[in-house]
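Letters A, B, ... are given to chains in the order of the sequence lines, protein chains preceding strands, and every chain is numbered from 1.
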There are 2 protein chains.
Amino acid sequence: MTVENSELERRVEHFKSVVKDAGIKLTHQRLEIFREVASSEDHPDAETVFNAVRTRMPTVSLDTVYRALRLLNDLGLVGTLGPRQEAVRFDANLTHHHHFICVRCGLARDFESTALDNIPITDAAKQFGRVETTHVDIRGICKQCLETSR
Amino acid sequence: MTVENSELERRVEHFKSVVKDAGIKLTHQRLEIFREVASSEDHPDAETVFNAVRTRMPTVSLDTVYRALRLLNDLGLVGTLGPRQEAVRFDANLTHHHHFICVRCGLARDFESTALDNIPITDAAKQFGRVETTHVDIRGICKQCLETSR
DNA sequence: CTATTTGCAAATAATTTGCAGTGCG
DNA sequence: CGCACTGCAAATTATTTGCAAATAG
């Protein structure tokens, strides 16, 4: 699935200006790596980006892809699907529930809300297939982190 | 943070009955590992469960913890925080958006919805700290998978 | 008893890092 | 031309697996 050209060009221009403003070098590989993520709607992982970029740029290495993706993430030019997890975390609460996630320390807490269990599913979502469950992820800063930063 | 005793006991009884019905052996280590996840509200990872169980059962090994957690997950006795990801997946769409995730093949697609951007935050969530963003994850089966299973 | 399960150690897979050569600004 | 960046190979981290000994039912 591909992003339309006008949107892609907008993203590439934004990338160039952010990179320049950050005083970071605009290398051929960084441009190709960014273009690859920015032109896909597939949420590719590092390996997938590597294989795609490699067809046009056979000398690129996998670790450069990792380094570039991390850089893009730090610059806020790309995000990741779900909060960056170090390891899989388990949950024995089997009732339908939602999560509060602290973006600073990773604290995760369940909460229940029948209102959120029943939010209306937009047609935008239904077009992709059959909907089974809806989870709301609320991201923010937990009380503990708010205090320690004061 | 600890789960109340009555709830913990209910979970342990459910665990025992599911394990028995599945014809799987109820070992000391499985019980302790399940009890650890079921009594915590912290969404521990395998290493954390291992360290906690180890204090009461010094001979337990880390790989037994991994095996038990995977078994519990397969039996539907525990869930994981976020969809099980093999690798980090990137996203160059920086607008506020939500995700449709296919639980069968992992396909992920963005969609936008001002209605979902503005769902009311319950007090239940506010008590944990300062809320920054709200993401809705819709899980289901994508069109492609629905067709191939027909 | 006997098939499952465990603990150990070694194998994988994703990701990161040290280092010497290369190229952007 | 200098320092950030790249490619290579080796290190780390989370997780899985093969195998002989231990144990639940």
Rounded interatomic separation in angstrom, taking [atom1] from [X] and [atom2] from [N]:
{"X": "A:E47", "N": "C:dT15", "atom1": "CD", "atom2": "P", "result": "9 Å"}
{"X": "B:L62", "N": "C:dA10", "atom1": "CG", "atom2": "C1'", "result": "14 Å"}
{"X": "A:R70", "N": "D:dC5", "atom1": "CZ", "atom2": "P", "result": "15 Å"}
{"X": "A:K16", "N": "C:dG25", "atom1": "NZ", "atom2": "C1'", "result": "15 Å"}
{"X": "A:D63", "N": "C:dA14", "atom1": "CG", "atom2": "P", "result": "15 Å"}
{"X": "B:F90", "N": "C:dA14", "atom1": "CZ", "atom2": "P", "result": "13 Å"}
{"X": "B:E86", "N": "C:dT15", "atom1": "CD", "atom2": "P", "result": "9 Å"}
{"X": "A:R67", "N": "D:dA9", "atom1": "CZ", "atom2": "P", "result": "14 Å"}

**Q.** Pair B:R104 + A:E132: basic N to acidic O under 4.0 Å
**A.** no

Q: Inspect the contact between A:E4 and A:R10 and indicate whether a charged nitrogen and a carboxylate oxygen are less than 4.0 angstrom apart.
A: no

**Q.** Nearest-nucleotide comparison on DNA chain D, the residue closer to the 5′ end among B:K25 and B:A46
**A.** B:A46

**Q.** Closest-nucleotide ordering on DNA chain D, the 5'-leading residue of A:R30 and B:L26
**A.** A:R30

**Q.** Min side-chain heavy-atom separation B:T122-A:F111 under 4.5 Å
**A.** yes

Side chain of [X] only, please: which of [options] is the nearest?
{"X": "B:V88", "options": "C:dT15, D:dG25, C:dG25", "result": "C:dT15"}
{"X": "A:Y66", "options": "D:dA14, C:dA14, C:dT5", "result": "C:dA14"}
{"X": "B:T64", "options": "C:dG7, D:dC5, D:dC8", "result": "C:dG7"}

Q: Test B:H99 against A:H43 for ring-ring contact (aromatic ring centres under 6.0 Å, His included), laying out the working first.
A: CA-CA 11 Å; B:H99 289 120; A:H43 303 276; 5.3 Å; yes

Q. On DNA chain C, nearest-nucleotide positions of B:Q29 versus B:A87: which is more 5'?
A. B:Q29

(Q) Taking 4.0 Å as the cut-off, does a side-chain nitrogen or oxygen of A:T59 come that near to OP1 or OP2 on D:dG7? (A) yes

Q. What do the steps show when you test A:E112 against A:T95 for side chain to side chain donor-acceptor pair (under 3.5 Å), and what is the final call?
A. CA-CA 8 Å; A:E112 285 166 34; A:T95 60; 3.2 Å; yes

